[in-house]
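What follows is a set of notes on a single structure, which appears directly below.
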Number of protein chains: 2
Amino acid sequence: MESTSQTSLFERLKESLDSLRKSERKVAELVTEDPTFVMESSMSAVAARAGVSEPTVMRFCTGLGFDGFQAFKLALAQALILGVPSVESAMNRGDSVAELASKIFDQTISSIDRSRRFLDPDQMEQAVTAILGSRALVFIGLSASGLIAQDALQKAQLFGIPCSAPSDTHQQFMAAAMTDPETTFVVISNTGRTRSTMRVAEMARSRGATVIGISGDDDTPMMRVCDVKIVAKTFENTDIYTPTVSRLAGLVVIDILSTAVSLRRGEAHFADFEAMKAGLAGYARMSDRETDSGSASFD
Amino acid sequence: MESTSQTSLFERLKESLDSLRKSERKVAELVTEDPTFVMESSMSAVAARAGVSEPTVMRFCTGLGFDGFQAFKLALAQALILGVPSVESAMNRGDSVAELASKIFDQTISSIDRSRRFLDPDQMEQAVTAILGSRALVFIGLSASGLIAQDALQKAQLFGIPCSAPSDTHQQFMAAAMTDPETTFVVISNTGRTRSTMRVAEMARSRGATVIGISGDDDTPMMRVCDVKIVAKTFENTDIYTPTVSRLAGLVVIDILSTAVSLRRGEAHFADFEAMKAGLAGYARMSDRETDSGSASFD
DNA sequence: GTGGATTTGGTAGTAATACTACATAATTAA
DNA sequence: TTAATTATGTAGTATTACTACCAAATCCAC
């Protein structure tokens, strides 16, 4: 049985590379070099190109915890569609737009998959109950994380309790300084080291508010002062021209939280929601099309 | 060869269901019912459980355009990790947070995969050249699409040309009414029917500006007045409690555009970027950690 | 209806593939 | 240097995917 652990196949392969035997390593290298070939080839072909015998390939597969070559190939196929390892997907100047798009989609999907595997359900659960039990919500973030905060605000406004997402640092701090124990703060920072966001978190905490932290890592200064710690881990390449995929993971976390909260608020709230949606439909839609409140979402 | 067309395996299976022969349909039904079983079983096992002979299974695979059963299984494995078909992933009140998270991740990943397959490289290319050739940029959107516009603004500010993303409708219209042929407007609306956004697009167009549209569909009123049409297609369920995945697809499109534009602007711009990043690092980071401008991204 | 033609499904056989038991080579330790 | 242990390859087997061929069913003209 393959352990459906947190790490993806390629990561697992990489870290177990030095614990492998010499000839098995050849197989591992072939897999990382040309995974597509391995995926669509037979065991004999793989063995031949790696310069080893077939049982070695077999041992390589079972050694990684798979039932056999076939099972490994399936896992490889799945890992492959979540994006090729970042080595190949580095972007360079000569790339066509189509190539860029392909690489960015690869990175995006595999990053989201990664954040999925790292997301702690317990912390999410705690976050949901905290939100459900509070009388007001405040979302805090800057730049990319600020957008996540704004997005969260848009969704949280449907919860039926006062919520805000001040965008400049002074207003953020003021909100924290004036808060109370019945308010929940959601502080967002991918790095977890944004100074002003940290100060807001500390202040809110000291005022007795519940503080939920969303960050790319669990051991950051900001997270240490949070009651609930939600980790949205991504590949976030340090490369300059790499798009910031962290915000996408953050947005998915917001999706999950808001959906969970909405579901637990029950029918009464549901009716309000419908009314709001119907009103919005008449607002900004074209008149030559039927303004069906159902099929249209928010923009 | 399997046609790596726009439609995913399950969609393809569904639409070719009535063009299949009686016994092959049994196989198709088994695949949709219990894809995991099919994936990890041999042909004989599949044939037995479907109540048909092995060659029928074989014909089923080749009929769908695959080289054989193995190739089909690989494709199935890949389709499977992109999320089970949406029927099963409907959310209901009794779901635990973990289940919700799983379903939302499923939907998100498969939606992004879908938008990838529908994205037209030519239009993207045109968008990039349009942006590179313009002297100013304006991003327009409301609510969820407004966030995409803000995100685009954050990235576009690194291009070194004036850019803005007015957030209220009046300011948006004013920007369009005062624009010139050297400006490019990026108008964003998932539905493509947001009236005010459409009016902005029309006005900008009539003033001679280049208008790039980003929408969830290519045949919407808004798209008709756009010079460049970028389709970010998703599954966007009409269900109320379904999270809006469309914005994620939009953000990925922005990622691609901004990365492509950055890459084509060359070295001079690169230096500016580094300086900005270094400055930003000293700004908002903690002092107890080394403020490495490289490893930190934007928030 | 009936006989011919065509489509649809299954049987049996073959080539290949994955997997296993065993033996030899390499490496390490005594 | 030799014994023990580990690592790798050889040879063989059982399974699996695939193919050629045949039978049943369906369709259509008369």
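Residue numbers start from 1 in every chain, and the chains themselves are labelled A, B, ... in the order their sequence lines are given, proteins ahead of strands. Everything numeric in this text was worked out from a predicted model, so none of it was measured.
One finds the OG1 atom of B:Thr36 at 6.5 Å from the CD atom of B:Glu40 (value rounded to the nearest 0.5 Å). Between the CG atom of A:Asp95 and the CZ atom of B:Arg264 there is a distance of 9.0 Å, given to the nearest 0.5 Å.
Using a 4.5 Å heavy-atom threshold, the side chains of A:Thr234 and A:Arg114 count as separate.
Nucleotides of DNA chain C that come within less than 4.0 Å of any heavy atom of chain A span, from the 5' end to the 3' end, C:dT17 to C:dT27.
Here A:Thr56 reaches the OP1 or OP2 of D:dG9: one of its side-chain N or O atoms lies under 4.0 Å away.
Of the candidates A:Lys229, A:Arg224, A:Lys233, A:Arg193, A:Asp219 forms a salt bridge (charged side-chain N to carboxylate O under 4.0 Å, His left out) with just one, namely A:Arg224.
At distances below 3.5 Å, at least one donor-acceptor pair connects side-chain atoms of A:Gln78 with backbone N or O atoms of B:Ala77. The main-chain N or O of A:Ala98 is never found under 3.5 Å from a side-chain atom of A:Ser102 such that the two would form a donor-acceptor pair.
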Identify every side-chain donor-acceptor pair in residues 56-64 of chain A under 3.5 Å, counting partners at least two apart or on other chains, and give the distances.
{"unit_1": "A:Thr56", "atom_1": "OG1", "unit_2": "A:Ser53", "atom_2": "OG", "d": "3.1"}
{"unit_1": "A:Thr62", "atom_1": "OG1", "unit_2": "A:Met58", "atom_2": "O", "d": "3.2"}
{"unit_1": "A:Thr62", "atom_1": "OG1", "unit_2": "A:Arg59", "atom_2": "O", "d": "3.1"}

Under a 4.0 Å heavy-atom criterion, the protein footprint on nucleotides 16-21 of chain D, written with B, S and -, is SSBB--

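We find that A:Arg21 and A:Glu24 are joined by a salt bridge, their nearest charged nitrogen and carboxylate oxygen being less than 4.0 Å apart.
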